Amino acid sequence: GRMGCHINLDLMPSTTTQPLVRLFSESPSRFVVEVPVVHQAAFQRALDGIPHACVGQVTSNATMHIVAGGRVMINLPVNELVHAFHTQVL
């Protein structure tokens, strides 16, 4: 629980180079999957022929860090994100 992540949007298979589109678009059949490092090669072999990519990793520092085009897009503590998720937006 409350782990962080480091994501590089440039590694995502996409038809657009626009970072915000990559970050926020919702496409059918797009999934985020966590795979233990020891199973990563087997998982990637199972997806042979299907567009996929390893775009980041889980970290223990409890921060969501997302980069694109060499620029930091998001660098926020997970606790702050959880609070925002549970706070009513008016």
Side-chain angles (χ1 to χ4, degrees):
R2 303 288 163 100
M3 303 294 285
C5 64
H6 179 84
I7 306 294
N8 183 341
L9 296 178
D10 297 330
L11 301 175
M12 179 189 298
S14 179
T15 57
T16 182
T17 58
Q18 297 178 38
L20 291 177
V21 173
R22 287 180 181 218
L23 184 59
F24 294 111
S25 67
E26 296 181 19
S27 302
S29 302
R30 183 180 296 177
F31 300 95
V32 174
V33 181
E34 296 175 51
V35 178
V37 174
V38 297
H39 299 298
Q40 183 176 350
F43 183 78
Q44 288 180 309
R45 280 192 303 275
L47 294 176
D48 188 40
I50 300 170
H52 69 281
C54 178
V55 297
Q57 62 273 344
V58 174
T59 63
S60 61
N61 68 356
T63 299
M64 176 183 277
H65 185 80
I66 300 177
V67 298
R71 296 178 49 208
V72 175
M73 295 186 66
I74 297 173
N75 190 39
L76 292 169
V78 171
N79 285 340
E80 206 173 297
L81 296 167
V82 170
H83 176 73
F85 179 79
H86 291 289
T87 302
Q88 182 177 2
V89 177
L90 299 176

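Keep in mind that what you see is a predicted model, and the values were worked out from it rather than measured.
Note: the hydrophobic cluster containing Phe24 also contains Leu9 (ILVMFWY, side chain heavy atoms under 4.5 Å, direct or indirect links). Residues Leu11 and Phe43 fall into different hydrophobic clusters, defined by Ile, Leu, Val, Met, Phe, Trp and Tyr side chains chained together at heavy-atom separations under 4.5 Å. Note on Ile50 and Val33: same hydrophobic cluster, where clusters join Ile, Leu, Val, Met, Phe, Trp and Tyr whose side-chain heavy atoms are under 4.5 Å apart, directly or indirectly.
Distance OG1/Thr87 to CD/Glu80: 10.5 Å, rounded to 0.5 Å. Taken to the nearest 0.5 Å, the NE2 atom of His52 stands 14.0 Å off from the CE atom of Met12. The CD1 atom of Ile66 lies 14.0 Å from the CZ atom of Arg71; values are rounded to the nearest 0.5 Å.
Applying the side chain to side chain contact (heavy atoms under 4.5 Å, CB included) criterion to Leu81, with sequence neighbours excluded, gives Met64, Leu76. Every residue two or more places apart in sequence or in another chain was checked for a side chain to side chain donor-acceptor pair (under 3.5 Å) with Thr17, and none qualifies. Listed by chain and number, the residues in a side chain to side chain contact (heavy atoms under 4.5 Å, CB included) with His39 are Val35, Pro36 (sequence neighbours excluded). The side chain to side chain donor-acceptor pair (under 3.5 Å) test applied to Asn79 returns Arg2, not counting sequence neighbours.
The shortest side-chain heavy-atom distance between Asn8 and Val55 does not fall under the 4.5 Å cut-off.
Other residues sharing a hydrophobic cluster with Val82 under the 4.5 Å side-chain heavy-atom criterion for ILVMFWY residues are Val78.
Among residue pairs with one or both ends in residues 54-68, those qualifying as side chain to side chain donor-acceptor pair (under 3.5 Å) are Thr59-Asn61, His65-Asn75; sequence neighbours excluded.
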